[in-house]
Number of protein chains: 2
Amino acid sequence: MAGNSRQAGASVTSRALAILSAFDEQHRAMSLSDIAARADLPLATTHRLLGELFRWGALDRLPSGDYVIGRKIWDIGHLAPAETGLRQVAEPFLHDLYGATLATVHLAVRDGAEVIYLDRLRGNQSVPVVSKVGGRLPLYTTGVGKVLLAYAPSEVQDTVLAGLTRITPYTITQPGSLRRQLRQVLDKGYATTREEMTLGACSIAVPIHQRDRVVASLGLVVPTLKGSEQRLYGALRVAAQSIGRRL
Amino acid sequence: MAGNSRQAGASVTSRALAILSAFDEQHRAMSLSDIAARADLPLATTHRLLGELFRWGALDRLPSGDYVIGRKIWDIGHLAPAETGLRQVAEPFLHDLYGATLATVHLAVRDGAEVIYLDRLRGNQSVPVVSKVGGRLPLYTTGVGKVLLAYAPSEVQDTVLAGLTRITPYTITQPGSLRRQLRQVLDKGYATTREEMTLGACSIAVPIHQRDRVVASLGLVVPTLKGSEQRLYGALRVAAQSIGRRL
DNA sequence: GCCATGTTTTCCACTGGACGGAAGCCGTGG
DNA sequence: CCACGGCTTCCGTCCAGTGGAAAACATGGC
């Protein structure tokens, strides 16, 4: 009854993992029933699994009783070598970049059809940005995103090109025009955006190469690129090369 | 035989979690048999669970075949509110502090009898430090640690005092002398260390209050405190108050 | 090349722990 | 006071996880 009630290959472990997957940026705190609904699991089962995860430290509870991701996950996550290794190496160069430009500095990698921000340096009086460390944004509205997209396999590009949605009046929504920009990124060696994600924020970004593969992108967010594009590009290129050499 | 072979209340989920727990700073990459040994699970079972965790993205594999923590854990970990909330709020103030002092800046919380570093700003030419974001250190050899220990429940203090081990010639190993220092921390409002963790590195740290509870600590690492102690304390206090007010 | 040694992967019959419907509990508010 | 929605506990059924064993695979010594 009630249709296909449960996923086919649902192993025990995968249920616990399904619960963790139920959390995302829009759902940082959820009640038992929310989680059960989002993970598509029966209440009683969810309840028991939540108990186990909580006891272990994977989840915490707010005074309200809602569940949130716990410290232990944050903690163990920092053992991930790809993320922390790159960050570790890049850190001092990000500082230098910030010192030299006073712009918001971003270090990001691609995950599927999204950017994930590994690190961000933001000054006190920098332009407001929506990025967060650990957060995700579309590939086609940010400087670092465009770089990563330009070097991504064509399946990924196709997926992204098929789903362009307007965020600001300046967001690129024409597949042809985005495709042209991506070609330019490969030619010129850097990408730019002009208020395509946030009004009042422009950005410029370059790839970070490990051997001959592009593994990450380094970007700056500034109020305007007028006149400073080449200077910022120069600073970015030096930093990206230094980071790449050290990987 | 060979003693008590398996934990008593070992639920399925807890085995997957035991595998994740097998990873730590000294064991970032492990083979199947290493993991099975550390998690105290049979090889075949471990193998299957590793497969599930890998397929989901909780674990990655190196070219060598060794398992490491995967991006997904890092990713989900950043949804933990305690960690990221505090970081988010503190970030601009850490920058200011760095700008004003050019010292390495630390933001840390206590977990049991250890410090966990939530954030670190390190200049290019700062004193070398052993801290890492997401890393753990003892409570009694670091500035932020002493602050957090001074405000910790007495059980925690007793545990720590019972296990003082020398790291540098200047590490405090006398329980009495540490206890005296902790009292001073409460009196003066800040803690200092002088080469107790790393030779050539001194530190000063203050508590961050949320309402009337101490939730974190903010610290600076410098080559020497000579003459600058009061100036650094002033800067720290202002920053810590601003952060606390915003929580 | 060949065998000895250590590690990873696959297999499968058995069984004990997960499953989840249902009933009880608790807080809220009409 | 009772009705309602969400949380927690209970417990008999049964199937998915278990793990010993053996097969594949990788090393490396001679």
Side-chain angles (χ1 to χ4, degrees), chain A residues 1-24 26-70 81, chain B residues 1-24 26-70 81:
Chain A
M1 45 238 66
N4 46 355
S5 52
R6 196 73 55 246
Q7 292 290 32
S11 67
V12 181
T13 303
S14 82
R15 301 190 184 198
L17 298 179
I19 285 182
L20 292 181
S21 298
F23 290 85
D24 64 24
Q26 278 69 52
H27 302 85
R28 288 165 167 261
M30 288 186 285
S31 68
L32 167 62
S33 11
D34 291 341
I35 297 173
R38 279 178 60 84
D40 187 27
L41 293 171
L43 264 183
T45 304
T46 308
H47 182 258
R48 184 169 31 78
L49 291 174
L50 285 175
E52 282 183 53
L53 290 167
F54 173 70
R55 238 165 289 126
W56 185 74
L59 297 176
D60 259 356
R61 302 196 74 170
L62 301 177
S64 69
D66 280 9
Y67 293 86
V68 293
I69 297 292
Chain B
M1 37 238 67
N4 44 355
S5 52
R6 196 72 57 247
Q7 291 289 33
S11 69
V12 181
T13 303
S14 81
R15 301 190 183 197
L17 298 179
I19 286 181
L20 293 181
S21 299
F23 290 86
D24 65 23
Q26 277 70 52
H27 302 84
R28 289 166 166 262
M30 288 186 286
S31 68
L32 167 64
S33 11
D34 290 342
I35 298 173
R38 279 179 59 84
D40 187 27
L41 293 171
L43 266 183
T45 304
T46 308
H47 182 257
R48 184 171 30 79
L49 291 175
L50 285 175
E52 281 183 55
L53 290 168
F54 174 70
R55 237 165 289 126
W56 186 74
L59 297 176
D60 259 353
R61 303 197 71 170
L62 300 177
S64 69
D66 280 10
Y67 293 86
V68 292
I69 296 293

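Sequence lines set the chain letters: A, B, ... in the order given, protein chains first and strands last, and positions in each chain run from 1.
Overall bending of the helix from dG1(C)-dC30(D) to dG30(C)-dC1(D), expressed as the angle between end axes built from five pairs apiece, is 40° (10° steps).
Residue Leu50(B) holds its CG atom at 4.5 Å from CD1 of Ile19(B), rounded to the nearest 0.5 Å. Distance CD1/Ile35(A) to OH/Tyr67(A): 7.0 Å, rounded to 0.5 Å. Atom CZ of residue Arg15(B) and atom OG1 of residue Thr45(B) lie 6.5 Å apart, to the nearest 0.5 angstrom. Put simply, CG on Leu20(B) and CH2 on Trp56(A) are 5.0 Å apart, with the number rounded to the nearest 0.5 Å.
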Could you go through nucleotides 11-14 of chain D and list every protein N or O atom that sits under 3.5 Å from one of its N or O atoms, giving the distance for each pair?
none

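Residues His27(B) and Asp34(B) form no side-chain contact, since every pair of their non-hydrogen atoms from C-beta on lies 4.5 Å or further apart.
Nucleotide dG6(D) holds its C1' atom 12 Å from the CZ atom of Arg61(A), rounded to whole Å. Distance Leu50(A) CG to dC19(C) C1': 15 Å, rounded to the nearest Å. Asp66(B) places its CG atom 15 Å from the C1' atom of dG6(C), with the value rounded to the nearest Å. When the P atom of dT7(C) is taken as reference, atom CG of Leu62(B) falls 18 Å away, rounded to whole Å. Here the P atom of nucleotide dT9(C) and the CZ atom of Phe54(B) are 11 Å apart, to the nearest Å. Atom pair Leu17(A):CG and dG17(D):P shows a separation of 12 Å (rounding to whole Å applied). With rounding to whole Å, Glu52(B) atom CD is found 14 Å from dT10(C) atom P. Between the CG atom of Leu41(A) and the C1' atom of dA18(C) there is a distance of 13 Å, rounded to whole Å.
In this structure Ala29(B) satisfies the side chain to side chain contact (heavy atoms under 4.5 Å, CB included) test together with Leu62(B), Asp66(B), Val68(B), sequence neighbours excluded. In this structure Arg48(A) satisfies the side chain to side chain donor-acceptor pair (under 3.5 Å) test with no other residue, sequence neighbours excluded. Here Arg28(A) pairs with Glu25(A), Lys132(A), Leu79(B), Thr84(B) under the side chain to side chain contact (heavy atoms under 4.5 Å, CB included) rule; sequence neighbours left out. Asp24(B) pairs by the salt bridge (Lys or Arg N to Asp or Glu O under 4.0 Å) definition with Arg38(B), not counting sequence neighbours. With sequence neighbours excluded, no residue forms a side chain to side chain donor-acceptor pair (under 3.5 Å) with Arg55(A). Applying the side chain to side chain donor-acceptor pair (under 3.5 Å) test to Ser33(A) and every residue at least two apart in sequence or in another chain returns nothing.
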What's the verdict on side-chain contact (heavy atoms from CB on, under 4.5 Å) for Ile69(B) and Asp60(B), showing C-alpha distance, side-chain angles and the deciding distance?
-> CA-CA 6 Å; Ile69(B) 296 293; Asp60(B) 259 353; over 6 Å; no
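Look at Arg15(B) and you'll find a side-chain N or O under 4.0 angstrom from OP1 or OP2 of dT18(D). Remark: His47(B) is in phosphate contact with dT9(C), judged by side-chain N or O atoms under 4.0 Å from OP1 or OP2. Side-chain nitrogen and oxygen atoms of Thr45(B) include at least one within less than 4.0 Å of the OP1 or OP2 phosphate oxygen of dG19(D).
Closest to the side chain of Arg48(A), from the set dC11(C), dA18(C), dT8(C), is dA18(C). Checking dG20(C), dG19(D), dT8(C) against the side-chain heavy atoms of Leu43(B) singles out dT8(C) as nearest.
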Indicate for each nucleotide in nucleotides 22-27 of chain D, in 5' to 3' sequence, whether protein heavy atoms under 4.0 Å reach the base (B), only the sugar-phosphate (S), or nothing (-).
-> ------
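The stretch residues 30-37 of chain B touches DNA chain C through Ser31(B), Leu32(B), Ser33(B), each having a heavy atom within less than 4.0 Å of the strand.
Here the closest heavy-atom approach between residue Ala39(B) and residue Ala18(B) is recorded as CB-O, 4.0 Å. Scanning both residues, Ala16(B) and Leu53(B), for their nearest heavy atoms gives O-CD1, 4.2 Å.
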